[in-house]
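Written out below as structure tokens is the structure these notes cover.
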Amino acid sequence: MLLFSDVAAVFDELEKRSGRLEMTDILAELFKKAKGNEIGELVYIMQGIIAPPYSGIDVGIGERFAIDAIAAASGYTKMQVEENYKKSGDLGDTVEKLLEKRKQTALFTSEMNINYVYDAMMHISIAGGTGSQEQKIKHLTELLNNASPLEARFLVRFVLGRLRLGVGDPTILDAISVAHAGDKSLREPLERAYNVCADMGYVAREFYKDPKSIEKFKVQPFKPLMPALAERLSTPKEIIDKIGKCGVEMKYDGLRLQCHKKENQVEIYSRKLEKMAHMFPDIVETIKKLKAKEIIFEGEALAYNAKKKRYYSFQETMHRRRKHGIEAMAKEFPLNVFVFDILYLNGKDLTNEPYKQRREKIKKMFRGKILKASKSSLVSKAEKLDEIFEESLAEGLEGIMAKDLAAPYTAGKRKFAWIKLKKSYGKAVDTVDGVIVGYYLGRGTRAEFEFGGLLIAVYNSDNGKLETVAKIGSGFTEEEMRELKEKLEKIKTEKAPKNLDYNIEPEFWVEPKYVIEVAFDDITISSIHTCGKKNEKGYALRFPRMAKIREDKSIKEITTSEEVIAMFNLQK
Ligand code: ATP
């Protein structure tokens with residue numbers, strides 16, 4: 001039986017380390033101790049969740065309630081808890097300290113195992129309806145009453161959604177492999193399994209039941225896949241040189257949807273794998289009518305005005321929907337889904353089929369009014385590719401996607417199976433999706449909103465750190481400024497995020513949560529920013545400005561420092 005005290009001791013150890021290899025070994029030792037009925041729970045807790053993101057089950061307790069529970073369990077007043085929190089900047093540290101000095105001896109202290117802790121967390125998450133906050137506080141207080149100070153540190157961080165052990169998904173997968181095989185040889189099949197179901201707890205459980213099952217892991221309806229991602233190149237010629245004759249598709253600037261159907265049941269997942277069916281009743285009805293009994297496909301949703309031959313970006317579509325109402329909009333600017341991939345059909349996993357074959361199925365199956373195959377042509381010459389690119393811009397689209405005809409669906413990976421060419425290349429090198437880690441107050445006219453700018457970081461996947469890449473002061477509308485200020489105030493923190501590498505400090509730090517797309521002129525070498533830092537020099541965005549808030553992207557999907565360096569090299 002895996003005791004939570006052992007788990008907490010390992011978490012404590014992990015926090016003191018930063019090398020990936022070391023962390024993998026420490027974790028592997030822990031995984032060896034876990035049984036088949038514990039590994040899933042342990043993995044979820046390590047990821048800071050209790051169920052996969054698409055389950056909609058979220059622990060999310062607010063700071064105020066956590067403070068109530070800490071006060072109840074420690075015997076200190078709420079004010080004393082708050083005072084200590086102001087000093088420490090971390091409620092996990094606060095509860096640990098206060099429990100060490102615990103005034104009331106708990107009536108009952110028993111050792112907690114991982115399943116007990118997991119079940120309690122599940123109770124906290126699903127408590128709903130009237131009095132649910134009291135219920136949550138009660139459950140958390142009970143847990144803290146049974147916890148040692150060290151255990152409490154991690155329990156509180158977990159319920160606040162701030163566990164952040166500095167252990168990414170790749171390290172967890174490596175450690176499962178090392179625990180079982182003694183080396184990383186099983187990392188690849190484990191990773192593939194994870195990428196096709198986006199549920200690491202489930203993969204770990206299946207693996208513990210039968211390690212071989214991982215090699216035969218199949219795509220299934222209602223287990224969404226991690227989306228495949230595109231690499232970038234800057235000219236048509238480079239694309240043809242790289243993948244030869246390819247399928248060239250329009251790149252639609254809509255909302256990416258992953259649609260699942262089994263019999264009469266339909267679900268739609270966003271790019272972040274959140275459930276979206278409730279937002280698109282019209283699309284759901286159309287999917288229900290598809291002949292296929294079971295199917296998973298992906299497409300881009302956006303409005304199209306056939307008369308004017310004009311596409312509307314998803315943001316514009318949603319804005320108009322709000323303004324004119326869904327029904328009026330649905331008539332005038334009906335929402336289309338341009339289907340660009342098919343991943344599963346009637347019991348058959350298609351992700352390993354070459355793209356050429358998947359494309360043929362798409363062409364046959366999606367010819368409707370709402371669900372349409374994305375526009376695509378076979379191209380073997382750079383001139384032809386350039387022509388299609390220009391055509392896409394003329395129609396108001398973002399550019400094109402070139403697809404390797406022989407490639408499988410590369411779930412969860414950025415690969416040259418898909419290459420994007422966008423209009424900004426050549427002038428500006430694309431955009432960067434970064435996470436906000438801090439903000440500055442406004443000056444002059446902006447003082448009214450008390451909001452002046454943002455400090456943005458990207459992710460270094462080599463060492464698991466966030467690294468700053470830009471300070472943005474422009475590109476916002478007044479409405480966006482107001483909205484952002486409100487959002488950021490709620491997630492202010494006393495100290496910098498734990499895994500952030502930084503040389504400059506903003507006026508306020510915030511929890512890394514909101515992803516924004518940043519436009520810029522080019523990338524320069526910088527002594528201020530830490531992105532991709534080597535010998536005290538990092539990379540930074542020149543003339544950065546906000547393009548939009550990317551609500552559809554999670555912090556796990558932000559641009560990596562390696563990508564910024566690749567963009568810098570493309571620029572040359
Ligand atoms: P960008 O910001 O350039 O849109 P991104 O970071 O959102 O990129 P990428 O994987 O780099 O994601 O670019 C691919 C995105 O383009 C997909 O996520 C999808 O939403 C969209 N897309 C539009 N048209 C297509 C198409 N025909 N095939 C594949 N993806 C498409």
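Quick caveat, the model's predicted, so the values are computed rather than measured. Counting starts at 1 for both ligands and their atoms, in listed order. Just the heavy atoms: all of them, side chains too, but no hydrogens, waters or symmetry mates, feed the values below.
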Problem - N/O separation below 3.5 Å, Met401 to ligand 1 - result: no

Practice task
Would you check whether Met250 has a nitrogen or oxygen atom less than 3.5 angstrom from a nitrogen or oxygen atom of ligand 1?
Solution key: yes

Handout entry: Option among Tyr409, Trp418, Phe366, Phe297 that satisfies the ring-ring contact (aromatic ring centres under 6.0 Å, His included) test with Phe340
Key = Trp418

Exercise for the section: Return a yes/no value for Ser374: is any of its N or O atoms, backbone included, closer than 3.5 angstrom to an N or O of ligand 1? Expected result: no

Handout entry: Polar proximity ligand 1 side, Thr431 side, N/O cut 3.5 Å exclusive
Key = no

Problem - Min N/O separation Glu517 to ligand 1 under 3.5 Å - result: no

Completion exercise
Interatomic distance, CG@Leu233 vs CD1@Ile240, rounded to 0.5 Å, equals 11.0 Å

Problem - Candidate pair Arg542 and Ser526, rule side-chain hydrogen bond (donor to acceptor under 3.5 Å, both in side chains), full reasoning - result: CA-CA 10 Å; Arg542 206 156 69 97; Ser526 153; over 6 Å; no

Problem - Charged N-O contact under 4.0 Å between Lys262 and Glu294 - result: yes

Handout entry: Non-hydrogen atoms of Val266 and Ala277 that approach each other most closely
Key = O-CB, 4.4 Å

Exercise for the section: Scan side-chain atoms only and decide if Arg192 and Thr351 contain a donor-acceptor pair under the 3.5 Å cut-off. Expected result: yes

Problem - Close-contact set for ligand 1 against Asp433 heavy atoms, below 4.0 Å - result: 6 (O)

Problem - Nearest-neighbour protein heavy atom for atom 1 (P) of ligand 1, which is reported as residue plus atom name and distance - result: Lys422 NZ, 3.5 Å

Handout entry: Nearest-contact summary for atom 5 (P) of ligand 1 - protein heavy atom, Å
Key = Arg271 NH1, 3.5 Å

Exercise for the section: State the atoms of ligand 1, each with its element, that fall below the 4.0 Å cut-off from a heavy-atom position in Leu229. Expected result: 10 (O)

Fill in the blank from the handout: A student checking ligand 1 against Arg550 at a 4.0 Å heavy-atom cut-off should list atoms 2 (O), 7 (O)

Completion exercise
Taking only non-hydrogen atoms of Glu249 and a 4.0 Å limit, the atoms of ligand 1 in range are 26 (C), 27 (N), 28 (N)

Practice task
May I ask you to list the atoms of ligand 1 that are less than 4.0 angstrom from any heavy atom of Ala230?
Solution key: 10 (O), 11 (O)

Exercise for the section: Could you tell me how the ring of Tyr304 sits relative to the ring of Phe338: parallel (under 30°), tilted (30 to 60°) or perpendicular (over 60°)? Expected result: perpendicular

Practice task
May I ask you to decide whether Lys272 forms a salt bridge with Glu557, counting only side-chain N to carboxylate O separations under 4.0 Å?
Solution key: no

Handout entry: Test of proximity, Trp418 against ligand 1: N or O pairs below 3.5 Å
Key = no

